[in-house]
Amino acid sequence: MHESARRARRNRLAMTAEVNLINLVDVALVLLIIFMITAPILQGGVEVKLPQSQTAPITSAEGMTVTVTKNGSIFIGEVPVASLDEFKTLYPKLVKDKGVHDAYVRGDKDVPYGRVLQVLGLMKQLDVATVGLVAEPLQEK
């Protein structure tokens, strides 16, 4: 009898199926914070320390970016280039795929000047329409 009373009481209790919004909001906020932290990291590209100069920021992303790192490595966009000969063959293909004519050269401030000039010479051989040199804006002390 005791068991039948328990069963009868269980049948009388109404079932409620509610979504707990507090947990959903907590999860949404945690995901928002994670994406806010990771988004700038994912936009990086090749990391170089650019020299500082009196310059205006680049407003156009219509050109191909060529980066020369501190150790002399060359990147077209984010694609590493093993040698100058590979640069000659790979650069026209990537420019054609992207559909651009201009280029921006990002050289690390500690890279030997001759290495940047080698890249600029190759770009002149490849008839690049316009080459811009990228620098950090001068910070006042």
| query | Among the clusters formed by ILVMFWY side chains lying less than 4.5 Å apart, do Val30 and Ile22 turn up in the same one? | reply | no
| said: Please tell me whether Tyr113 and Val111 are part of a single hydrophobic cluster in this structure, the criterion being side-chain heavy atoms less than 4.5 Å apart. | reply: yes
| task | Evaluate side chain to side chain contact (heavy atoms under 4.5 Å, CB included) for Phe75 paired with Val68, printing each intermediate quantity in order. | result | CA-CA 7 Å; Phe75 291 83; Val68 183; over 6 Å; no
| said: Nearest 0.5 angstrom please: Leu29 CG to Leu24 CG, how far? | reply: 11.0 Å
| query | Taking all atoms of both residues into account, what is the closest heavy-atom pair of Val100 and Met64, and its distance? | reply | CG2-N, 3.9 Å
| field | Thr89 side, atom OG1; Leu94 side, atom CG - distance, nearest 0.5 Å | value | 9.5 Å
| field | Heavy-atom pair of closest approach, residues Pro80 and Leu90 | value | O-CD2, 4.5 Å
| task | Hey, could you give me the CG/CD distance between Leu84 and Gln125, rounded to the nearest 0.5 Å? | result | 9.5 Å
| remark: Gln118 meets the side chain to side chain donor-acceptor pair (under 3.5 Å) criterion, sequence neighbours left out, with Arg115
| message | Evaluate Val131 against Leu120 for side chain to side chain contact (heavy atoms under 4.5 Å, CB included), listing each step before the verdict. | response | CA-CA 8 Å; Val131 178; Leu120 289 172; 3.6 Å; yes
| Does Lys88 use its side chain to pair, donor to acceptor, with the backbone of Met123 at less than 3.5 Å? | no
| field | side-chain hydrogen bond (donor to acceptor under 3.5 Å, both in side chains) between Asn71 and Thr69, intermediate numbers included | value | CA-CA 6 Å; Asn71 63 0; Thr69 62; 2.5 Å; yes
| Taking it one step at a time, do Leu133 and Tyr104 satisfy side chain to side chain contact (heavy atoms under 4.5 Å, CB included)? | CA-CA 6 Å; Leu133 299 175; Tyr104 297 106; over 6 Å; no
| request: May I have the step-by-step check of side chain to side chain contact (heavy atoms under 4.5 Å, CB included) for Val105 and Thr65, ending in yes or no? | output: CA-CA 6 Å; Val105 176; Thr65 303; over 6 Å; no
| message | Minimum heavy-atom separation for Leu122 and Phe87, please, with both atom names. | response | CD1-CD2, 3.7 Å
| Closest heavy-atom pair and its distance - Leu126, Pro92 | CD2-CG, 4.0 Å
